[in-house]
Amino acid sequence: MNSDIPSLQPESLPRHIAIIMDGNGRWARKRSLNRIRGHREGAESVRDIVRACREMGIEVLTLYAFSTENWQRPRHEISALMSLLKGFLRSELAEMMENGIRLNAIGQTERFPADVVKVLQEVMDMTRKNPGMLLNLALSYGGRDEIVAAARKIAAEVVAGRLQAEEITEAVFSSYLYTQGMPEPDLLIRTSGEMRISNFLLWQIAYTEIYVTSTLWPDFRRGELIHIVHEYQKRERRFGVTGDQIKKARRRE
Ligand code: FPP
């Protein structure tokens, strides 16, 4: 294990980290390069961050790789992102197997080109039984879309008589989301300084700690991630109760 990790407190590590990877275009513009070069360097950050999260012992890492809104980008940028994703999946498979990483995708992945869906499916199948970290890629993902899709599925269950309206609790609703069975994110990181959620995990981030860094995604690497996890460990998560109540509950533990 790398020497920068032992300084973290293992008992208060985030179980689930979610990241809005932003700033690839600005990174490229600052260097008079085209946007695709920014995405390419961004893919290097993805590799580094996946590795660091696994070494830290994070259970779930969710990366916002392509939003439902990203379909409106120029066609050549979309196809560059698709081939980067395909290349990433192919090149990382061996390391995922070696390190027990399981791949999952959330979002309308059926909208992706058939060759990308095929590689995605193959990697998900190959890694399905891996016992380690879950790498969850949000692909053609939109938080509102996810909630509407869940509501539709629930309505169909009610119409079919398999579910009563009174039985729809928050836990039941959650079980119809793409993230079913996963812990909710403890920490949400957004790079490139924008103070927005951008339709990401709207339901799941109700009590998530948010950290925004001005670093552009291609410059975001393990050192800064570890610093942010340190900062997270200093925060008091109150979940709507008072600080005194939290301290009292801790004394009872
Ligand atoms: C935001 O930067 C980033 C994206 C829309 C795509 C994220 C893709 C990658 C990090 C690379 C490939 C992904 C994987 C999983 C290998 P932006 O283009 O919106 O940047 P800007 O706001 O500066 O223009």
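Both counts, for ligands and for their atoms, begin at 1 and track the order of listing.
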Requested in this report: Just grab all the ring-ring contact (aromatic ring centres under 6.0 Å, His included) pairs involving residues 71-110, residues at least two apart or on different chains.
Outcome: Phe66-Trp71, Trp71-Phe112
Under the 3.5 angstrom rule, does the side chain of [X] hit a backbone N or O of [Y] as a donor-acceptor pair?
X: Glu146; Y: Tyr178; result: yes
X: Asp186; Y: Arg15; result: yes
X: Arg221; Y: Pro218; result: yes

Query raised in the report: Strictly under 4.0 Å, does any heavy atom of Arg40 approach an atom of ligand 1?
Result: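 It does not, in that no heavy atom of Arg40 comes within the 4.0 Å cut-off of ligand 1.
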Query raised in the report: Would you say Asp22 touches ligand 1, if touching means a heavy atom closer than 4.0 Å?
Result: yes
Please list the nearest protein heavy atom to [atom] with its residue and the distance rounded to 0.1 Å.
atom: atom 3 (C) of ligand 1; result: Met21 O, 3.2 Å
atom: atom 24 (O) of ligand 1; result: Arg35 NH1, 3.0 Å
atom: atom 9 (C) of ligand 1; result: Asn24 ND2, 3.7 Å
atom: atom 14 (C) of ligand 1; result: Val46 CG2, 4.1 Å
atom: atom 5 (C) of ligand 1; result: Asn70 OD1, 3.7 Å
atom: atom 7 (C) of ligand 1; result: Ala65 O, 3.5 Å

Hey, does [X] come in under 3.5 Å of ligand 1, counting only N/O atoms on both sides?
X: Gly25; value: yes
X: Trp27; value: no
X: Trp217; value: no

Query raised in the report: Which atoms from ligand 1 have a heavy atom of Phe88 less than 4.0 Å away?
Result: 16 (C)
Query - Atoms of ligand 1, numbered as shown, that sit under 4.0 Å from any heavy atom of His39 - result: 11 (C), 18 (O)
Requested in this report: Take the angle between the ring planes of Tyr141 and Phe200 and call it parallel below 30°, perpendicular above 60°, tilted in between.
Outcome: perpendicular
Query raised in the report: Out of Arg73, Glu44, Lys30, Arg26, whose heavy atom sits nearest atom 17 (P) of ligand 1?
Result: Arg73
**Report entry** Pair Leu103-Leu137, side-chain contact (heavy atoms from CB on, under 4.5 Å): steps then yes or no
**Finding:** CA-CA 8 Å; Leu103 183 84; Leu137 296 182; 4.0 Å; yes
Report task. Any chance you could lay out the side-chain contact (heavy atoms from CB on, under 4.5 Å) test for Tyr64 and Asp22, step after step, and finish with the verdict? Result -> CA-CA 9 Å; Tyr64 205 3; Asp22 195 13; over 6 Å; no
